[in-house]
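Shown next, in structure tokens, is the structure this report addresses.
Note that these values count all heavy atoms, side chains included, but never hydrogens, waters or copies made by symmetry. Reminder, nothing fancy here: chain letters follow the sequence lines and each chain counts from 1.
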Protein chains: 2
Amino acid sequence: MDQNTDDVRRKRPPERDLDAMDRKLLGVLVEDATTSYAELGERVGLSPPAAHERVKRLRRSGAIRRVSALIDPDAVGKTLLAFVHVDTTGWGKTQALLAIEECPEVEEIHSVAGDTCMLLKVRTESTHALEGLLARLYDTPGVKATRSYVVLSTYLERPVQPGTTSDWPAVVKG
Amino acid sequence: MDQNTDDVRRKRPPERDLDAMDRKLLGVLVEDATTSYAELGERVGLSPPAAHERVKRLRRSGAIRRVSALIDPDAVGKTLLAFVHVDTTGWGKTQALLAIEECPEVEEIHSVAGDTCMLLKVRTESTHALEGLLARLYDTPGVKATRSYVVLSTYLERPVQPGTTSDWPAVVKG
DNA sequence: TCTTGTTGCTGAATTTCATTCTGCAAAAAT
DNA sequence: ATTTTTGCAGAATGAAATTCAGCAACAAGA
């Protein structure tokens, strides 16, 4: 309820670098953000107010962007997932980009290095709806071509993890 | 704290189809899951316990997969995002897939239709770490080839939205 | 049509938890 | 060495989650 009351969206350098305690807190909160501060503290070895204090800081600093309910796409009818590569004529905040941002089916827009300009992650209710989106894209000035990769099945999908490379056991090959 | 106490992960058909009220609730909770039931109810036109009841059902049915703190990748040092297309020799739950699932840098694994078998979303701390991952991939039996798309900048990144096509204003072209 | 059971709601009551406050101790700065 | 700051614990407070009766609308069945 008080999340980002002061509307801190701008990227500011974290007041202090995240320490191991912060990472542990993040680890728990990524898995289940409804964890009470009592349990949270217990898990990481802090008193409830101390845990609260650190989480508040993590929110202020922007390390925690927001707390969100993650929805099952199927439950809301979004049964089709696709990645769409888009060749455009310009770069940066182009007309095309602005137009694409308006499409509710589009979940992600990235500019990528490689043989294409934009990479879109798109969810629709049907192949027909995807066709509709593609039609809209082609009608957008600045869009040269698109190539779509329709997802057949998703094997893994997890949120951003707080772990750093040194946390993971090194994979030792024979 | 009580989320999924009975460990309901299995996909069960939603007890009942989501109605407009459920979608509104989801809409609010996706934006900010820390919203109190008092405010939540007010926003959608329900009493706090009624809102609570429906949210509980949404969790039980799996429509809400989990409530999670969304982390800023930069804050935890994951400054590099890439999409990696992987050609493999087999399909389904292959050895290669199992191996890839173990990589903490990999956020998503999809099997896609198109000129490649797997599509990975990958976050690392550096290009060097990406190279390390790719090296590991190439060492995995069943991996034939990979092609990487390094993200230069991300323009949009939003969670799964509850809205359905009919909610969006139709884009009328001249 | 009337009955009966079910569903989903409201408003009040209860309990749990978030949040604040007051020291306190260790570390950092001067 | 002294002061200031930082981060924490424990108690106190306030707010919110959760539970608990009713109640009304609706559905199923006689």
Worksheet item: Separation of B/Leu46 atom CG from D/dT18 atom C1', in whole Å?
Response: 16 Å
Worksheet item: OP1, OP2 of D/dG7 versus side-chain N and O of A/Arg57: anything below 4.0 Å?
Response: yes
Worksheet item: Is there side-chain contact between A/Gln161 and B/Arg123, with at least one heavy-atom pair below 4.5 Å?
Response: no
Discussion item. Under 4.0 Å from OP1 or OP2 of D/dA17: is there any side-chain N or O of B/His52 that close?
Written reply: no
Worksheet item: Over how many whole Å does the gap from A/Leu40 atom CG to C/dC17 atom P extend?
Response: 13 Å
Worksheet item: Distance-only, no hydrogens or angles: does the B/Glu39 side chain make a donor-acceptor pair with backbone N or O of B/Tyr37 under 3.5 Å?
Response: no
Worksheet item: For A/Glu42 and C/dA18, what is the distance between atoms CD and P respectively, to the nearest whole Å?
Response: 13 Å
Worksheet item: What is the distance from CG of A/Asp19 to P of D/dT6, rounded to the nearest Å?
Response: 15 Å
Item to complete: Send over the distance from A/Met21 CE to D/dG7 P, rounded to a whole Å.
Response: 12 Å
Item to complete: Rounded to the nearest angstrom, tell me the gap between atom CD in B/Glu53 and atom P in D/dA21.
Response: 15 Å
Fill in: Residues that B/Glu108 engages under side-chain hydrogen bond (donor to acceptor under 3.5 Å, both in side chains), provided they are two or more places apart
A/Lys121, B/His110
Worksheet entry | Sequence-distant partners of A/Glu101, salt bridge (charged side-chain N to carboxylate O under 4.0 Å, His left out), two or more places apart | A/Lys93
Item to complete: Take atom CG of B/Leu58 and atom P of C/dG8, then tell me their distance rounded to the nearest Å.
Response: 12 Å
Discussion item. Using a 4.5 Å cut-off between side-chain heavy atoms of Ile, Leu, Val, Met, Phe, Trp and Tyr, which other residues end up in the same hydrophobic cluster as A/Leu70?
Written reply: B/Leu70
Worksheet item: Atom OH of B/Tyr37 to atom C1' of C/dA18: distance rounded to whole Å?
Response: 15 Å
Discussion item. Starting from A/Leu97 and following side-chain heavy-atom contacts under 4.5 Å between hydrophobic residues (I, L, V, M, F, W, Y), which residues can be reached?
Written reply: A/Leu80, A/Val84, A/Val86, A/Ile100, A/Val106, A/Ile109, A/Met118, A/Leu120, A/Val122, A/Leu130, A/Leu133, A/Leu134, A/Leu137, A/Val143, A/Val150, B/Tyr155, B/Leu156
Worksheet item: Can you check whether A/Lys56 has a side-chain N or O nearer than 4.0 Å to OP1 or OP2 of C/dT20?
Response: yes
Worksheet item: Given axes from five pairs at either end, by how many degrees does the helix from C/dT1-D/dA30 to C/dT30-D/dA1 bend, rounded to 10°?
Response: 40°
Discussion item. For a quick check of understanding: with a heavy-atom distance under 4.0 Å over all strands, which category does A/Pro48 fall into, base, sugar-phosphate or nothing?
Written reply: nothing
Item to complete: Identify, with sequence neighbours excluded, every residue that meets salt bridge (charged side-chain N to carboxylate O under 4.0 Å, His left out) alongside B/Arg158.
Response: none
Worksheet, complete the sentence: Among C/dC17, D/dA17, D/dG10, the one nearest any side-chain atom of B/Ser36 is D/dA17
